[in-house]
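Read the structure below first, then the notes.
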Number of protein chains: 2
Amino acid sequence: MEDASRHHEATIKDVAHLAGCGIASVSRVVNNKGQVSPQLRAKVLKAAAELGFEISDLGRSLRSRKTQTIGCVVPSISNPVYSAAVQGIQDVAVENGQQLLLSCSNYDPEQELKAVRNLISKRVDAMVLTVSDAQNSAALDLLRSRGLPYRLLFNSGPDLSLDCGVDNYEAARHVGQAFSKMGHQHLGYVALRLNRSDRSAQRLSGLKAACEALMLAEPAILEVDENSVFLTTQLQTFLNNHPEITGIFASNDQLAIAIIATLRQLGKKVPQDISIIGFDGIDFGLMMEPTLATIVTYPYEMGRNVAGLVQAEQNNTTQSFSPIEVGFEYRPGGSLGPVSY
Amino acid sequence: MEDASRHHEATIKDVAHLAGCGIASVSRVVNNKGQVSPQLRAKVLKAAAELGFEISDLGRSLRSRKTQTIGCVVPSISNPVYSAAVQGIQDVAVENGQQLLLSCSNYDPEQELKAVRNLISKRVDAMVLTVSDAQNSAALDLLRSRGLPYRLLFNSGPDLSLDCGVDNYEAARHVGQAFSKMGHQHLGYVALRLNRSDRSAQRLSGLKAACEALMLAEPAILEVDENSVFLTTQLQTFLNNHPEITGIFASNDQLAIAIIATLRQLGKKVPQDISIIGFDGIDFGLMMEPTLATIVTYPYEMGRNVAGLVQAEQNNTTQSFSPIEVGFEYRPGGSLGPVSY
DNA sequence: TTGTACGCGTTATCAT
DNA sequence: ATGATAACGCGTACAA
């Protein structure tokens, strides 16, 4: 109850007053910086506790020009891949005494830009972000023009030294090869937002390249609606139009699993009638029956890595930091079977 | 390039200087507040653009005593339930022009307290949090003592008016009833961190109550390790010790799915040998075979609701805001079958 | 060792 | 309509 009536938080001035000393001494005690006698330190500590004093990072940041905050922009936190990455970033941040200011762009470049603006106003020390299209992003342009330290996550940016992600193209080539080894000749690529995710587009490129190199037919493409309610009809139409397809590469595991469930509804067996390979390597793929063949990626580690990079960049501006390849791995699964004639 | 050499961001003072006016006018333009002549406004806007001026929320917040930031503390963002909730909070926050400062406590009360301290120092306007034990939380005590607006998510706190979550007890009773209807008499409850999550404990209470009311045996309890590698042996031992068990209530869906996969490895069929009911209602439950019987909850909506509550509390301090029950729903699934004799 | 005074970037008051 | 000035809470030279 005490001073709560004043209805404004205690400042170092209040503490100094109660402790009967100058504000500089309070600052020294709070920051463990500079010399201060044990007696005074005790008095200050007591006064601070009594007032429930918590230092204000507003004043501190204004003065020090550091907010100990890093900004993060991802398309969505609902997607387990991004949430795992954010968890990694968060963990590294706290290890370094920083906090995370999080924004979700919903795969929208306009929201990306707005988010970056807000984060700049908040004066974050650095940023980590996944943008819709790294080659052409107003948000990244803004960041660069301000010289604010940032790193890309999952994207491959124009400046190669800044990215930290999976080589989608290369990974998708592996997928094509896996299909080919099982005798598949006609593939389909099913994606969620081909035009709003450069990752998805890169995966398609890789698949196409593999098909070409391996003399497979050019893959048919189905871009499905966000709203998975219509997946059934969309998929059925797609398969009717392309009856030759024996294998489907889904742009991510969630979609792959939804496709398998839908195929089951349509009376098709996986992998006897159609084989499926996903992308991401989420745990559930291992627990279903059949297990999901997929490209395993390591979003948590990627988040940690990219956060480590921005950390290093802040602490040591002279050196340049090259990205750490986290890599990927093809994981076989029961959803890919030999093609049946 | 221009003034970048000065290596510090343009301030309102810089803009004023370049526009040849006072800083007050710049402020008026930037905030669209007060009267300013069209000519001057244009000059200011031009100067601001030229300098790449972005207002500093540090100065603004210091002055206004508002940060337009809300703090969020959850156990983990990797768990899809929490990430969905955070997404909901985030969405509401941006709708109200606020940003989200995110912390993960890793189910550790000590980290909860530290996170809250940091968030207080950052002077967030309000907080939303899920704590380990709402009835006994130093973090919440601190929040209360400071009079900082906050809301609980998933927890049921001592102050009933502050929570926004699922009635775990009631939901778990439904689970018991569902088992009972199928003839199950001997149940097991498998949980991840019984002692570090009041939600998990509440679910157990509800299950126990249902068993008692329905004349079932008291449920056997298995608390499994974080590291799911050992799930197989732990589960096997548990079932050996309790051969009478025909149904298992898993404290969440992820665990339920892992248990089903493990049982499959152990050569047990679900639901013929053992029935399973989960908790949360994640989408994957619908896509597996058999589908997962579970309690469906609505974490995204809960996030939105609780964020709405803190918003309202900030805008209108006079009124008191009661929580909106989001509720839950029992969803039948193939993982629950009749008990076989 | 300790205290005083200034500036960090902003908004609001008060003259003009 | 516009500008000078005083806070806001803090860190830090500098003085004592």
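Below, chain A is the first sequence line, B the second, and so on; all start at residue 1.
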Test side chain to side chain contact (heavy atoms under 4.5 Å, CB included) on B:Leu148 and B:Met127 and set out the steps.
CA-CA 8 Å; B:Leu148 209 153; B:Met127 293 190 52; 4.2 Å; yes
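Among C:dT10, D:dA1, D:dG9, the nucleotide with an atom closest to any side-chain atom of A:His8 is D:dG9. Among C:dT11, D:dT2, D:dG11, the nucleotide with an atom closest to any side-chain atom of A:Ile23 is D:dG11. Considering only the side chain of B:Ile12, C:dT11 comes nearest among D:dG11, C:dT11, D:dG9. Taking only side-chain atoms of B:Ala24, from C-beta outward, the nucleotide of C:dG9, D:dA4, C:dT1 with the closest atom is D:dA4. Between C:dA12, D:dC10, D:dG3, one nucleotide has an atom nearer to the side chain of A:Arg63 than all others, and that is D:dC10. Of the candidates D:dC10, C:dT11, C:dC8, D:dC10 carries the atom nearest the A:Ile55 side chain, counting heavy atoms from C-beta on.
We find that NZ of A:Lys43 is positioned 13 Å from C1' of C:dT1, with the value rounded to whole Å. Between the NZ atom of B:Lys33 and the C1' atom of C:dT10 there is a distance of 12 Å, given to the nearest Å. Across the protein-nucleic acid pair, B:His17 atom NE2 and C:dG9 atom C1' stand 17 Å apart, rounded to whole Å. In this structure, A:Lys122 atom NZ and C:dG9 atom C1' are separated by 15 Å, rounded to whole Å. Rounded to whole angstrom, the span from the CG atom of B:Leu58 across to the C1' atom of C:dG7 amounts to 14 Å. Atom-to-atom, CD of B:Gln68 to C1' of C:dT10 comes out at 14 Å; the value is rounded to the nearest Å.
Here the side chains of B:Leu140 and B:Leu152 are in contact, with some heavy-atom distance below 4.5 Å.
Applying the side chain to side chain contact (heavy atoms under 4.5 Å, CB included) test between B:Thr130 and each of B:Val81, B:Asn155, B:Val86 identifies B:Asn155 as the sole match. Put simply, the residue from A:Glu95, A:Gln90, A:Gln87 that forms a side-chain hydrogen bond (donor to acceptor under 3.5 Å, both in side chains) with A:Arg304 is A:Glu95.
Contact check, B:Lys13 against C:dG7: no side-chain N or O comes under 4.0 Å of OP1 or OP2. Look at A:Ser37 and you'll find a side-chain N or O under 4.0 angstrom from OP1 or OP2 of C:dT2. The phosphate of C:dG9 (OP1 or OP2) has a side-chain N or O of A:Arg65 nearer than 4.0 angstrom. Contact annotation: B:Ser27 side-chain N/O to C:dT11 OP1/OP2 distance is under 4.0 Å. Under 4.0 angstrom from either OP1 or OP2 of C:dT11 there lies at least one side-chain N or O belonging to B:Arg60. Not one side-chain nitrogen or oxygen of B:Lys66 sits closer than 4.0 Å to the OP1 or OP2 atom of C:dT11.
The residue A:Asp57 sits apart from the nucleic acid: no heavy atom pair falls under 4.0 Å. At the heavy-atom level, A:Leu40 lies under 4.0 Å from the strands shown only through sugar-phosphate atoms. Residue contacts shown for B:Gly22 are limited to sugar-phosphate atoms, with no base heavy atom under 4.0 Å away. Within 4.0 Å of A:Ser25, counting heavy atoms only, lie sugar-phosphate atoms of the nucleic acid but no base atom. Here A:Arg28 lies in heavy-atom contact (under 4.0 Å) with a base.
Using a 4.0 Å cut-off between charged side-chain N and carboxylate O, A:Arg123 and B:Glu9 make a salt bridge.
The 5' end of DNA chain D is approached more closely, in terms of each residue's nearest nucleotide, by B:Val36 than by the other of B:Val36 and B:Leu62. In terms of position along DNA chain D, the nucleotide closest to B:Gln35 lies nearer the 5' end than the nucleotide closest to the other residue of the pair B:Ser64 and B:Gln35.
Between B:Asn31 and B:Arg60, the side chains place a donor N or O and an acceptor N or O closer than 3.5 Å (distance only, hydrogens not considered).
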